[in-house]
Amino acid sequence: MNLSRRANSITASPTMAVLEEVAKLKDKGIEVLDLGPGQPDFHTPESIKLSANKAIEENFTRYTEPAGILELRKAVIEKYRRDFGAQYKPNEVVISSGGKHSLFNLMLAIIEEGDEVLIPAPYWVSYPQQVILAGGKLRFIELQDENQFVLTRDILEESLTANTKAVIINTPSNPTGSVIPGKELEKIAELALIKRIYIIFDECYEKLTYDGIKHFSLAFLQEAKEVTLIINSVSKTYAMPGWRIGFALGPEKVISTVTKLQSHTTSAPCSISQKAAVEALSGSQDFIKDMLAQYTRRRDYMVEALNSIPGISCHKPQGAFYIFPNITQILESKNINSSEEFSRQLVSHARVAVVPGSSFGKEGYLRLSFATSIEVIKESLKRMKKFVEGL
Ligand code: PLP
């Protein structure tokens with residue numbers, strides 16, 4: 001019997017494929033150093049875990065409102081007021097089972113069959129697949145390495161067509177670590193208002209920026225509220241990827257549609273995780289500083305080590321926890337036909353796992369995560385250098 005055309009139109013998450021490959025080798029007793037992770041290696045802070053324990057003890061274990069508990073939606077609103085001076089009402093916020101879920105529900109809510117969605121490349125792997133599942137058409141915007149892969153209003157304007165419904169913007173970016181400057185985002189929002197397109201604004205890595213650079217949220221621009229659909233999550237900032245809590249903020253008509261979709265699919269996010277997320281957003285934020293200090297040290301080491309390998313070059317990322325080095329020189333001079341083939345050889349000869357740039361819509365690059373210990377990073381880079389020198 002056939003499976004559905006819709007399900008067959010997408011491919012499994014390629015970053016998951018790396019994790020599976022690593023798991024397979026580990027299962028055979030072969031040690032692999034993994035630079036693939038898309039999640040923090042830190043543990044969820046104690047105060048957050050305690051609030052979840054309390055929720056269980058108090059039997060907070062029933063279904064909640066489909067949009068998420070009011071207490072958490074109010075905590076999200078307060079966070080957006082505190083950080084960005086934004087004014088949102090409870091019916092303009094919906095809590096979902098992770099940012100990925102928020103994003104997919106938003107796509108289902110706004111995309112009509114055949115609507116075009118613009119995706120700047122390199123992109124996070126799930127964007128194109130979710131657009132396809134929602135019935136939309138993909139249109140990629142090729143970003144340039146020499147501009148540090150930053151989207152500008154001019155590039156966006158050139159890519160618009162009469163069928164453009166939305167553009168997906170991710171800053172800080174997975175996989176490049178680029179951060180879009182506020183001035184540029186203001187111009188992009190102005191264009192979206194003129195052209196009547198939605199901006200799906202994924203700021204899951206908002207708190208992970210370095211060297212004094214500050215993330216600029218579209219939530220600062222209340223005049224662009226009607227076209228701004230914000231996605232955020234507790235996964236990265238609070239080291240809570242397994243708790244599955246994300247949220248979306250936007251115009252009431254979009255958010256109520258997302259809530260309706262949720263009410264018939266997941267019913268509501270996990271009640272216990274919602275209580276934990278209240279503590280994450282409202283409690284002490286001190287642990288973020290410590291986490292950032294460790295990420296900074298790892299990033300600096302990794303950038304320097306990568307740039308010392310002949311044929312590899314990379315920028316110092318301003319945000320998130322990824323580095324996106326250019327390996328085109330190696331591919332050309334060593335006759336290796338793709339970043340995937342390079343990654344395969346690297347795993348099989350050096351036992352170091354990375355994600356090929358092709359997974360993110362950019363051939364000739366790799367994505368390395370520094371959400372792992374400095375020891376693993378040092379040993380991996382040593383092995384990688386030896387591997388490249390031996391090619
Ligand atoms: N957006 C980006 C750019 C991501 O990298 C991720 C996770 O890797 C997400 C959204 C979703 O995260 P979660 O579903 O854990 O909230």
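Numbering of residues begins at 1 and proceeds along the displayed sequence. Atoms within each ligand, like the ligands themselves, are counted from 1 in listed order.
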Atoms of ligand 1 close to [X] [distance to a heavy atom under 4.0 angstrom, numbered from 1]:
| X | value |
| --- | --- |
| Tyr127 | 3 (C) |
| Ser233 | 13 (P), 16 (O) |
| Gly98 | 14 (O), 16 (O) |
| Gly99 | 13 (P), 14 (O), 16 (O) |
| Cys204 | 1 (N), 10 (C) |
| Asn174 | 3 (C), 5 (O) |
| Ser235 | 13 (P), 15 (O), 16 (O) |
| Asn170 | 3 (C) |

Without hydrogens or angle criteria, can the side chains of Asn105 and Gln262 be said to hold a donor-acceptor pair below 3.5 Å?
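Their side chains do contain a donor-acceptor pair, which is all the 3.5 Å distance test asks for.
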Check: Glu363/Ser338 side-chain N/O donor and acceptor closer than 3.5 Å
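No.
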For atom 7 (C) of ligand 1, which candidate among Lys236, Lys100, Met240, Arg244 holds the nearest heavy atom?
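Selected option, by shortest heavy-atom distance: Lys236.
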Nearest protein heavy atom to atom 1 (N) of ligand 1, by residue and atom, and its distance?
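I find the closest protein heavy atom is Asp202 OD2, 2.5 Å.
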Suppose we measure from atom 9 (C) of ligand 1 to each protein heavy atom; which comes out shortest, and what is that distance?
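For atom 9 (C) of ligand 1, the nearest protein heavy atom comes out as Trp124 CH2, 3.3 Å.
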For ligand 1, note which part of Pro241 has a heavy atom under 4.0 Å away: side chain, backbone, both or neither.
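Near ligand 1, Pro241 shows nothing, with every heavy atom at 4.0 Å or more.
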[X] bridged to [Y] by N-O distance under 4.0 Å:
| X | Y | answer |
| --- | --- | --- |
| Glu206 | Lys79 | yes |
| Arg153 | Glu157 | yes |
| Glu71 | Lys275 | yes |

Distance under 6.0 Å and angle within 45° of ring axis: Lys236 vs Phe321:
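So Lys236 doesn't make the cation-pi contact.
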When you measure from the centre of the six-membered ring of Tyr88, is the NZ or CZ of Lys225 under 6.0 Å away and within 45° of the axis?
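Checked: cation-pi criterion met.
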Would the Tyr127 and Phe104 ring centres measure less than 6.0 Å apart?
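Centroid separation for Tyr127 and Phe104: 6.0 Å or greater.
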